[in-house]
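A quick write-up on the structure given underneath.
Just so we're clear, the structure is a prediction, and the values are computed from it rather than from any experiment. Below, read A as the first sequence line, B as the second, and so on, with proteins coming before strands; counting in each chain starts at 1.
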Number of protein chains: 2
Amino acid sequence: MSNTQKIKVAVDAIVFGYESNQLFVLLIKQKYGKFKGQWVLPGGFVLNNEGLTNAVNRELKEEAGIEVNYLEQLYTFGDDTKRDPRGHTISVAYFALVNPENLNLIPDTDASDAKWFPIDEIEKLPFDHNKIIDKALERLKAKLHYQPIGFDLLNKEFPFSDLEQLYMCILEKKFDRRNFRKKILSLGFLNESNKIQKKGSGRPAKLFSFDRKNYKAMEKQRFHFEIKFVK
Amino acid sequence: MSNTQKIKVAVDAIVFGYESNQLFVLLIKQKYGKFKGQWVLPGGFVLNNEGLTNAVNRELKEEAGIEVNYLEQLYTFGDDTKRDPRGHTISVAYFALVNPENLNLIPDTDASDAKWFPIDEIEKLPFDHNKIIDKALERLKAKLHYQPIGFDLLNKEFPFSDLEQLYMCILEKKFDRRNFRKKILSLGFLNESNKIQKKGSGRPAKLFSFDRKNYKAMEKQRFHFEIKFVK
DNA sequence: CATTTATTGTGTAAACTTTACGCAATATAA
DNA sequence: TTATATTGCGTAAAGTTTACACAATAAATG
């Protein structure tokens, strides 16, 4: 039985980026086959003797010349055996984040075309890729509440308002700026830099950075990140 | 490339059961091959043109004659290409729960042997099955806090003390009985039956049942299940 | 160059939730 | 009949979240 199994294994990546109050998803232009010329999620078939995580990282490098900041497995799509018209294929989807440094640097590798699309301007995509993006977005929204994942979408040093706006933008909610700041600061994993950022008018802002080491240590001591919201 | 892909796709199930203050995992005795005679997680290769969820349910029926109460995808194991000595295989692992009605009724189907093992008496298993069980247990513990999943491990009608003990047993924590009761009841999805259960000495207990319909409705209205603990 | 506008930083009181703990009610066991 | 086990309910203290106001510091405007 296992000799005759003809199921193919693919990986797909949903890479999120954030800049100027907008959430983006990375898509690439299909080069061959039935969907040639259409935008799809980066991904492809896993090679023999290649681990899944390796496969995603390889595809991201090949197709978009990108190295991500955060990567985790999202879900394996394989209930619909006709999800790929080329034949029975399951796809292990990965959820990834990049910070702004990696946002604008997508070299065109081997004639591939990669582009950032605002999340709310994504049309109907081939396969079940819209469904996959929906699931990834759901995960991103959920994780903002219980993991310090927002920092992976920001610069290393950021003013507090960046974090605040990122939360409001992605969660599509409004909440009190002052309470949010107090809450996050009270958790004790932000380092206050002595630098100061001036941008446009208004009082210049202190810059903060996420102290990942400290956070990891706190996590081991039964600390739980959690943020609830108002409005 | 995709023509020569030789990766096999399997599913595995981690089925949890609970009774008399003990958490159990379902294992089956391997019938053929290198690990013949050893206990492993139920599962097997996915058939051509078979969906993943179908594959798990089929294997559970074939190998243990069981239908589960709750089923969700856990994780896809495929970073280690040598996790199965028979060749490159990825396994989509599923997390399942059964209630006590299904706990003791495992018919021996086609010469297979299935058995419930207390979670703390599981020895070294073949493949990466111990790792899979660890991940499933972690998920179970986490979900008890943010999803009403405990009810799937109990009888339809149960005294409050059952729920309370299930939480303490699985989470390996102690907390205040009275506060726990108050908290759960305040969430408003338990129906109080007018039946009463007597068991041994002590005041007889009211029986409660989980109102799944009501819970689903509340969930849609932005209600979030959540339980934090003391001690 | 004084005034307006934009944005940051800090504080405090009220409402709500969680935690700690006492005791009456109702059964069986001795 | 008394002791023991277990259930059911209530209340005060501690902690957390929410709502809201105003001073500080810059650029933009006339």
Side-chain angles (χ1 to χ4, degrees), chain A residues 20-21 144-146 154-155 157-169 171 173-209 218 221-231, chain B residues 20-21 144-146 154-155 157-169 171 173-209 218 221-231:
Chain A
S20 357
N21 249 321
L144 282 178
H145 293 276
Y146 64 84
L154 293 179
N155 286 309
E157 300 207 304
F158 54 86
F160 223 98
S161 53
D162 273 14
L163 187 66
E164 176 194 310
Q165 279 164 36
L166 180 144
Y167 268 78
M168 292 205 200
C169 167
L171 296 176
K173 271 185 191 174
K174 280 188 184 156
F175 47 83
D176 190 273
R177 176 179 70 85
R178 298 157 289 185
N179 291 335
F180 179 75
R181 181 186 182 114
K182 230 182 314 177
K183 176 66 187 175
I184 300 270
L185 285 178
S186 77
L187 300 177
F189 49 58
L190 282 199
N191 283 139
E192 193 175 322
S193 133
N194 36 20
K195 292 180 216 164
I196 270 178
Q197 195 185 66
K198 301 171 194 174
K199 53 162 184 179
S201 72
R203 178 172 174 172
K206 292 184 204 168
L207 293 180
F208 293 88
S209 62
M218 288 162 65
Q221 322 260 320
R222 300 196 185 177
F223 163 83
H224 281 285
F225 180 86
E226 177 156 29
I227 294 172
K228 296 183 186 173
F229 287 102
V230 214
K231 166 83 192 192
Chain B
S20 358
N21 248 321
L144 282 178
H145 292 275
Y146 65 83
L154 292 179
N155 285 310
E157 299 206 304
F158 54 87
F160 224 97
S161 52
D162 273 13
L163 187 66
E164 175 194 311
Q165 278 163 37
L166 179 143
Y167 268 78
M168 292 205 199
C169 167
L171 296 176
K173 271 185 192 173
K174 280 188 184 155
F175 48 82
D176 189 274
R177 176 179 70 85
R178 295 157 291 184
N179 291 335
F180 179 76
R181 180 187 181 112
K182 230 183 313 177
K183 176 67 188 174
I184 299 272
L185 284 179
S186 77
L187 299 177
F189 49 59
L190 283 198
N191 282 140
E192 194 174 321
S193 133
N194 36 18
K195 293 180 216 164
I196 272 179
Q197 194 185 65
K198 302 172 195 175
K199 53 163 183 179
S201 73
R203 179 172 173 173
K206 291 183 205 170
L207 293 180
F208 293 87
S209 62
M218 290 162 64
Q221 322 261 320
R222 299 198 186 177
F223 163 82
H224 280 283
F225 181 86
E226 177 156 30
I227 294 171
K228 296 184 186 173
F229 288 102
V230 215
K231 171 91 188 185

Tell me: [atom1] of [X] to [atom2] of [N], nearest whole Å?
{"X": "K228(B)", "N": "dT17(C)", "atom1": "NZ", "atom2": "C1'", "value": "9 Å"}
{"X": "E226(A)", "N": "dG15(D)", "atom1": "CD", "atom2": "P", "value": "19 Å"}
{"X": "F160(A)", "N": "dT10(C)", "atom1": "CZ", "atom2": "P", "value": "11 Å"}
{"X": "Q197(A)", "N": "dT25(D)", "atom1": "CD", "atom2": "C1'", "value": "15 Å"}
{"X": "L190(B)", "N": "dG8(D)", "atom1": "CG", "atom2": "C1'", "value": "15 Å"}
{"X": "I196(A)", "N": "dA26(D)", "atom1": "CD1", "atom2": "P", "value": "8 Å"}
{"X": "F229(B)", "N": "dT17(C)", "atom1": "CZ", "atom2": "P", "value": "17 Å"}
{"X": "M168(A)", "N": "dT7(C)", "atom1": "CE", "atom2": "C1'", "value": "13 Å"}

| request: Tell me whether the OP1 or OP2 atom of dT6(D) has a side-chain N or O from S161(B) closer than 4.0 Å. | output: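 Answer is no, no contact under 4.0 Å.
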| task | Please name the pair of heavy atoms, one in Y146(A) and one in F225(A), separated by the smallest distance, quoted to 0.1 Å. | result |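 Closest approach of Y146(A) to F225(A): C-CD2, 3.2 Å.
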| request: Quick one: closest heavy-atom pair of D176(A) and N179(A), and the distance? | output: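 Heavy atoms only, the tightest pair is OD1-N, 3.0 Å.
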| request: Test salt bridge (charged side-chain N to carboxylate O under 4.0 Å, His left out) on R177(B) and E164(B) and set out the steps. | output: CA-CA 7 Å; R177(B) 176 179 70 85; E164(B) 175 194 311; 5.1 Å; no
| task | Using heavy atoms to find the nearest nucleotide of DNA chain C for P204(A) and R203(B) separately, return the residue whose nucleotide is more 5′. | result |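 The residue whose closest nucleotide sits nearer the 5' end is P204(A).
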| Closest nucleotide among dA6(C), dT28(C), dC20(D) to the S201(B) side chain |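 From the listed options, dT28(C) comes nearest.
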Does any non-hydrogen side-chain atom of [Y] lie less than 4.5 Å from one of [X]?
{"X": "K199(A)", "Y": "Q197(A)", "answer": "yes"}
{"X": "S209(B)", "Y": "L190(B)", "answer": "no"}
{"X": "K183(A)", "Y": "F175(A)", "answer": "no"}

| Between F160(A) and F180(A), how do the two ring planes meet: parallel, tilted or perpendicular, split at 30° and 60°? |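 Taking F180(A) first and then F160(A), their aromatic rings stand perpendicular (interplane angle over 60°).
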| query | Where along residues 177-186 of chain A does a heavy atom come under 4.0 Å from DNA chain D, residue by residue in number order? | reply |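 Per residue number, the list reads R178(A), N179(A), K182(A), K183(A).
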